[in-house]
Participant: 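Here it is, the structure, as structure tokens.
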Protein chains: 2
Amino acid sequence: MAEKSVTLKASLQRQLVLDILKESEGHPTAQTIFEEARKRMPSISLATVYRNLRLLVKQGNLIESKIGNKPSRFETRKNRHYHVCCVRCGSLEDLVLPYQSVLDRKVEGMVRYQLQEHRMEFFGICPRCQGRSRNSSQLGKQKLHQPAIPAR
Amino acid sequence: MAEKSVTLKASLQRQLVLDILKESEGHPTAQTIFEEARKRMPSISLATVYRNLRLLVKQGNLIESKIGNKPSRFETRKNRHYHVCCVRCGSLEDLVLPYQSVLDRKVEGMVRYQLQEHRMEFFGICPRCQGRSRNSSQLGKQKLHQPAIPAR
DNA sequence: CTAGTTGCAAAGCGTTTGCACTACG
DNA sequence: CGTAGTGCAAACGCTTTGCAACTAG
């Protein structure tokens, strides 16, 4: 629902991508969505998933969150919200902290930008990763370089 | 100054990268830094610039901001601050809005993460781009797909 | 000496695109 | 029917890496 402005035919693969996102609890990547999609439609291609994700984002049906050099994560558009991101394992979770429109107003008063919105991510160590000792990452190979918050 | 925890020898190229960042007004990309660096040391390689940037970020001397699929932008570590990003041209600017530590405390109360910090970027149209009509991007080719904030 | 560093070229990864074909409206 | 959408494979942009030759400590 809510197709507008753009053309947008209703292809099976587009619907499939959307369905998967709607069912999904978390914030899957294109790759993850692709893997799920091909279970139900083996012929679907990764390119198609990417194309549809991009369209759906452009339309406003989805929101895309890219943290550092990790692959983008997608979710269906709900109310504006923020995310917490684990600097160890990269997992992403929604926060219930309400959108701070005050901040938009403040910033509007300090720059000449035509402000649209802001995005905010909190970084920390998730409960699961807190268990593991400081240095043992989940998969042996942790390269949290970019997204890692300044280590001091 | 402030070498610690890691090994870190003082190579000329590392110093050069750091110097360039210190002199820089804006938020240069690795490529831009590389171009400036090779003016002063023609033999320096892009890989070295990337390697040093990564190290310096890991140490905490630099902070790295990646918005969407655009190349990372770097700056020397100052006080914590936020950025405004133009959704048309991608330019990035510092904001003087003080770090909202209240938010960290709030979030700490709502999740079991070991919180470190948050990052926030404001999106809008910069003064320069406001001049240009809605659809004429600065270089003919605007593909603001990922970083573009949901268009509605 | 020897572990960190460099330049080069090649590889890697996520994402996009050109093309010929298919299918929605 | 015409145009948007698809699958495939190749290309892309940014970043990383293997390697052999250095170099700072």
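Sequence lines set the chain letters: A, B, ... in the order given, protein chains first and strands last, and positions in each chain run from 1.
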Participant: In whole Å, what is the span from the CG atom of B:Leu12 to the P atom of D:dA24?
Facilitator: 7 Å
Participant: Is it true that B:Glu117 and B:Arg80 make a salt bridge, defined as a side-chain N closer than 4.0 Å to a carboxylate O?
Facilitator: yes
Participant: Could you tell me how far apart A:Gln13 (CD) and D:dG7 (P) are, to the nearest whole angstrom?
Facilitator: 5 Å
Participant: If I take atom NZ in residue B:Lys9 and atom C1' in nucleotide C:dC1, what distance separates them, rounded to the nearest angstrom?
Facilitator: 11 Å
Participant: Kindly say whether the aromatic ring centers of A:Tyr99 and A:His118 come within a distance under 6.0 Å.
Facilitator: yes
Participant: Could a donor-acceptor pair under 3.5 angstrom be found where the side chain of B:Arg51 meets the base of D:dG18?
Facilitator: yes
Participant: State the OG1-CD1 distance between B:Thr76 and B:Ile20, to the nearest 0.5 angstrom.
Facilitator: 13.0 Å
Participant: Which part of the nucleic acid does A:Gln31 contact within heavy-atom distance under 4.0 Å: base, sugar-phosphate only, or nothing?
Facilitator: nothing
Participant: Expressed in angstrom and rounded to an integer, what is the separation of A:Lys70 atom NZ from D:dT15 atom P?
Facilitator: 15 Å
Participant: On the side chain of A:Arg38, is there an atom forming a donor-acceptor pair with the base of D:dG7 - under 3.5 Å, no angle test?
Facilitator: no
Participant: Closest approach to the side chain of B:Ala47, judged atom by atom: which nucleotide of C:dA9, C:dT15, D:dG7 is it?
Facilitator: C:dA9
Participant: Return the value, rounded to whole Å, for the distance between atom CG of A:Leu53 and atom P of C:dG14.
Facilitator: 15 Å
Participant: Check whether any side-chain N or O of A:Ser11 sits under 4.0 Å from OP1 or OP2 of D:dT6, and answer yes or no.
Facilitator: yes
Participant: Return the value, rounded to whole Å, for the distance between atom CD of B:Gln15 and atom C1' of D:dT23.
Facilitator: 16 Å
Participant: What's the OH-P distance between A:Tyr50 and D:dC12, to the nearest Å?
Facilitator: 18 Å
Participant: Regarding A:Thr29, tell me which of base, sugar-phosphate or nothing describes its non-hydrogen contacts under 4.0 Å with the strands shown.
Facilitator: nothing
Participant: Which one, D:dT15, C:dT16, C:dA9, comes nearest to the side chain of B:Asn69?
Facilitator: C:dT16
Participant: Closest approach to the side chain of A:Lys66, judged atom by atom: which nucleotide of C:dT6, C:dT15, D:dT6 is it?
Facilitator: C:dT15
Participant: Under 4.0 Å between a side-chain nitrogen and a carboxylate oxygen: does that hold for A:Arg40 and A:Glu36?
Facilitator: yes
Participant: Nearest-Å distance, CG (B:Leu46) to P (D:dT17)?
Facilitator: 14 Å
Participant: Of the nucleotides C:dT5, C:dG7, D:dG7, which one has an atom closest to the side chain of B:Ile44?
Facilitator: C:dG7
Participant: Are the side chain of A:Gln130 and the backbone of A:Ile125 linked by a donor-acceptor contact shorter than 3.5 Å?
Facilitator: yes
Participant: Between B:Ser45 and C:dT6, does any side-chain N or O lie under 4.0 Å from OP1 or OP2?
Facilitator: no
Participant: So which nucleotide from C:dG7, D:dT15, D:dA9 ends up closest to the side chain of B:Ala30?
Facilitator: D:dT15
Participant: Counting side-chain heavy atoms from C-beta on, which of D:dG5, C:dT15, D:dG7 comes nearest to A:Arg14?
Facilitator: D:dG5
Participant: Decide, yes or no, whether a salt bridge links B:Arg38 with B:Glu35 under the criterion of side-chain N to carboxylate O below 4.0 Å.
Facilitator: no
Participant: Hey, is the side chain of A:Ser72 poking within less than 4.0 Å of OP1 or OP2 on C:dT15, counting only N and O atoms?
Facilitator: yes
